[in-house]
Amino acid sequence: TMKSISEGYFENEKISLREWSDYIESNHLTRSEALQYIHMVSLHNDRYANIVDMDTYEAWSSATENYERVTDTYEKFLTYSDDSKNVFLGNMKEMFDDENNMVILGKYMDSEMQTSVISFGVPVTLYNADGTSGKYLLLRLVPVSTMMKMWEFPVSYSDAEVGLVSTSGDYVIQSRSMRSHSFLDFIYAYNSDDENARSEKLSKILWD
């Protein structure tokens with residue numbers, strides 16, 4: 001049941017994101033106009049958007065009315081030295097290259113709102129005042145707290161713990177017992193195997 005609910009929810013979020021993208025492109029909106037449009041039409045106050053320059057990873061948010069303010073949410077990942085950086089940025093690139101992807105950016109901190117979020121993304125073309133255009137990544141951000149409310153169990157299952165993990169090992173919904181930064185870290189911390197054995201075990205969990 002939770003699997004069906006989650007799949008339906010994710011598909012609806014992607015539909016909303018594509019509607020934003022289609023409107024922005026068909027009306028030749030600039031970056032600021034696109035963020036203002038999303039700010040006005042979003043039906044849920046807790047959902048908002050980031051527009052990311054995939055060359056620099058600078059980003060701008062629809063969460064506030066200062067649409068020229070740059071957020072360093074994604075630039076920060078460039079400074080990370082662990083595997084999570086490559087996975088996260090790789091997922092962003094897949095979103096940017098293929099608008100029909102089913103990738104989700106697992107739990108991360110949005111610097112602008114200081115909120116843990118997950119994201120869905122599609123490429124979008126934005127226009128400049130002189131008529132030139134450029135391709136950006138449009139992300140729809142959903143707070144993890146919103147996802148948690150959707151995952152509330154009936155009273156009879158109040159002690160149940162269920163987690164939702166992306167195939168890259170990032171948490172989407174993190175259960176209470178999984179206190180690690182990511183599911184990768186959780187597997188590594190509680191298995192004494194060598195690195196190759198742990199990677200093989202993780203692959204079986206995520207893909208089999």
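Because only heavy atoms are used, hydrogens play no part in the values below, and waters and symmetry mates are left out as well, while side chains stay in.
Listed by chain and number, the residues in a side chain to side chain donor-acceptor pair (under 3.5 Å) with Q114 amount to none (sequence neighbours excluded). Contacts of Y57 classified as side chain to side chain donor-acceptor pair (under 3.5 Å), with partners at least two apart in sequence or in another chain: none. Partners of D98 under the side chain to side chain contact (heavy atoms under 4.5 Å, CB included) rule, at least two apart in sequence or in another chain, are N100, N101. Evaluation of the side chain to side chain donor-acceptor pair (under 3.5 Å) rule for T56 yields no partner, not counting sequence neighbours. With sequence neighbours excluded, no residue satisfies side chain to side chain donor-acceptor pair (under 3.5 Å) with S116. Not counting sequence neighbours, the partners of Y74 by the ring pair (Phe, Tyr, Trp, His ring centres under 6.0 Å) test are Y108. The salt bridge (Lys or Arg N to Asp or Glu O under 4.0 Å) search around D97 returns K93, not counting sequence neighbours.
For S62 (side chain) and A49 (main-chain N/O), a donor-acceptor pair under 3.5 Å exists by modelled atom type. Without hydrogens or angle criteria, T79 side chain to E75 main chain gives no donor-acceptor distance under 3.5 Å.
Residues M92 and F77 have side chains not in contact (no heavy-atom distance under 4.5 Å, counting atoms from C-beta outward). Put simply, the side chain of Y48 does not reach to within 4.5 Å of the side chain of I38, judged on heavy atoms. Under the 4.5 Å side-chain criterion, counting only non-hydrogen atoms from C-beta, H39 is in contact with Y67. In this structure, the side chains of T71 and W60 stay at 4.5 Å or more apart for every pair of heavy atoms.
In terms of hydrophobic clustering, with Ile, Leu, Val, Met, Phe, Trp and Tyr side chains grouped at heavy-atom distances under 4.5 Å, Y23 and V124 are assigned to a common cluster. V70 is not connected to M109 by any chain of hydrophobic side-chain contacts under 4.5 Å among Ile, Leu, Val, Met, Phe, Trp and Tyr, and they are in different clusters.
Using modelled atom types, one finds no donor on one side chain facing an acceptor on the other under 3.5 Å when comparing T115 with D110.
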Just distance, no hydrogens or angles: give the donor-acceptor pairs under 3.5 Å from side chains in residues 126-143, sequence neighbours left out.
unit_1: N128; atom_1: ND2; unit_2: T132; atom_2: OG1; d: 2.7
unit_1: D130; atom_1: OD1; unit_2: T132; atom_2: N; d: 3.0
unit_1: D130; atom_1: OD1; unit_2: T132; atom_2: OG1; d: 2.6
unit_1: K135; atom_1: NZ; unit_2: F96; atom_2: O; d: 3.3
unit_1: R140; atom_1: NE; unit_2: E13; atom_2: OE1; d: 2.3
unit_1: R140; atom_1: NH2; unit_2: E13; atom_2: OE1; d: 3.0

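Residue pairs that meet the salt bridge (charged side-chain N to carboxylate O under 4.0 Å, His left out) test with at least one member in residues 29-44, sequence neighbours left out, are R31-E68.
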